[in-house]
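To start, the structure itself, in structure tokens.
Order of appearance sets the numbers: ligands from 1, and atoms from 1 within every ligand.
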Amino acid sequence: MSLIFEATEENITKAAERMKNGGLVALPTETVYGLGADATNDRAVASIFAAKGRPSFNPVIVHFRSKEEAADAVVFNYQAELLAALFWPGPLTMILPRRDDTDISKLCSAGLPTLAVRCPSHPVARKLIKVLQKPIAAPSANASGSLSPTTPQHVLLSLGGNAGMILAGGKAAVGLESTVVDLTGEVPVLLRPGAVTLENLQQHLGEVLLEFSVTSEKPKSPGQLLKHYAPKTPLRLKAVDVKPGEALLAFGSAKFMGVAGGGAAKDLPQEAYQNLSEKGDLEEAAAHLFSMLHYLDAGGFESIAVMDIPDTGLGVAINDRLRRAAGAQKHP
Ligand code: TXA
Ligand code: MG
């Protein structure tokens, strides 16, 4: 029996029932699929970590339907109000001080005085929160240390029966995990770049500190660990040619890419050649990144050559995920 269920009214109700009883449900969001539990149920939240094989209790994002509902759990400052008005519902997670009286499980904060809150825009995620009548704690629905899932099939491949029930809601439109910004200090800190770009944040907040360099020794956000987002096949970034035994992940035109030893990259078989965006569009590239990495990773290549991607706008987030994926193999 498949664990994948189309997100019909009936199946959403079934999923909410499951969560009311402390069960897990993998759900679609606009960024990536999440592995969700009732955020107010300690045991349910704890079981997320076991299902993902996470070595420790990292903090998890709690998903709400509106800013007003999130404001019952955390304290909004002016900057948070502004960002919520501009970017919610959408791919932005804010770290804010937890309220003392919130019934959100302390496990979601992993011992920190803060909580990560987000308002997803995906209609299935929103409907599920509505039917459950509770906020949903959800990290990405993949086994710890592997690529984030952008389709229900990715969830099934990575978590199998540990996912409980998988609600299918199409391919994730954004394709990269949400932007994470810490608003608890004087100056906002970008902990994870995403579809709400650094430029977007700077435009509305002024100065923004960056804390997602992969060289950072002590990551503030545990998700910054290099091990994250790793495919099994090594990646070779900023490639200008394809070596024998390699696959190519292209961006823009690959017309002039050569294969070392002879031949053109554009003549590689489809199994060895994927293009994030032929026309060089960063949004399209972000939406394809994880699914194409998943696909090429399964091909048994010696490595994956990745063409250069500009480091502006959404390119910052794409390059961040690529550097982590590449760095993971160099620093096991
Ligand atoms: O797009 C997304 O954000 C997806 C979907 C399902 O919403 N979720 C997701 O969750 O990517 P996860 O757990 O894979 O990544 C959450 C990131 C991690 O890097 C975690 O360490 C960080 O947010 N985080 C969560 N709570 C935090 C907190 N209180 N302080 C600092 N970082 C926090
Ligand atoms: Mg994750």
Requested in this report: Output yes if Ser140 passes the N/O/S-under-2.8 Å test against the Mg ion (ligand 2); output no otherwise.
Outcome: yes

Report task. Look only at interatomic distance and state if Arg192 has a nitrogen or oxygen under 3.5 Å from any nitrogen or oxygen of ligand 1. Result -> yes

Requested in this report: Validate the cation-pi geometry between Lys67 and Phe76: distance from NZ or CZ to the six-membered ring centre under 6.0 Å, angle to the ring axis within 45°.
Outcome: yes

Query raised in the report: Should the pair Arg192-Glu177 be classified as a salt bridge under the 4.0 Å nitrogen-to-oxygen rule?
Result: no

**Report entry** Short N or O distance, Thr114 and ligand 1, threshold 3.5 Å exclusive
**Finding:** yes

Query raised in the report: Would a hydrophobic clustering, with Ile, Leu, Val, Met, Phe, Trp and Tyr connected at side-chain separations under 4.5 Å, put Leu190 with Ile61?
Result: no

Report summary line: So the atoms of ligand 1 within less than 4.0 Å of a heavy atom of Leu112 turn out to be 28 (C), 29 (N), 30 (N)

Query raised in the report: Heavy-atom distance to atom 2 (C) of ligand 1: which of Pro97, Ser144, Ser178, Ala195 wins?
Result: Ser178

Query raised in the report: Of all the atoms in ligand 1, which lie at a distance below 4.0 Å from a heavy atom belonging to Ser140?
Result: 8 (N), 9 (C), 10 (O), 12 (P), 14 (O)

Query raised in the report: Hey, are Ser148 and Arg321 close enough side-chain-wise for a donor-acceptor pair under 3.5 Å?
Result: no

Requested in this report: Run the numbers for me: atoms of ligand 1, each under 4.0 Å from some heavy atom of Val32, listed by number.
Outcome: 4 (C)

Query - Distance filter under 4.0 Å to Glu177 heavy atoms, resulting ligand 1 atoms - result: 1 (O), 11 (O)

Query raised in the report: Taking side chain as C-beta onward, heavy atoms only, is Asn11 less than 4.5 Å from Leu167?
Result: yes

Query raised in the report: Are more than 12 heavy atoms from other residues, nucleotides or ligands located less than 6.0 Å from atom CD of Glu283?
Result: no

Query raised in the report: Which ligand 1 atoms are under 4.0 Å away from a heavy-atom of Ile61?
Result: 3 (O), 8 (N), 9 (C), 10 (O), 16 (C)

Report summary line: Gly34 heavy atoms within 4.0 Å reach ligand 1 at atoms 6 (C)

Requested in this report: State, yes or no, whether a side-chain contact exists between Thr31 and Leu176 at a heavy-atom distance under 4.5 Å.
Outcome: no

Query raised in the report: Should the pair Asp100-Arg98 be classified as a salt bridge under the 4.0 Å nitrogen-to-oxygen rule?
Result: no

Report task. Could you tell me whether Ser109 and ligand 1 have an N or O pair separated by under 3.5 Å? Result -> no

Query raised in the report: Which ligand 1 atoms does Ala138 reach within 4.0 Å, using its non-hydrogen atoms?
Result: 6 (C), 8 (N), 10 (O)

Report summary line: Note: Asn58, heavy atoms under 4.0 Å from ligand 1, region reported as neither

Query raised in the report: ligand 1 versus Arg54, non-hydrogen atoms closer than 4.0 Å: side chain, backbone, both, neither?
Result: side chain

Query raised in the report: Is the shortest side-chain N to carboxylate O distance from Glu278 to Lys255 below 4.0 Å?
Result: no

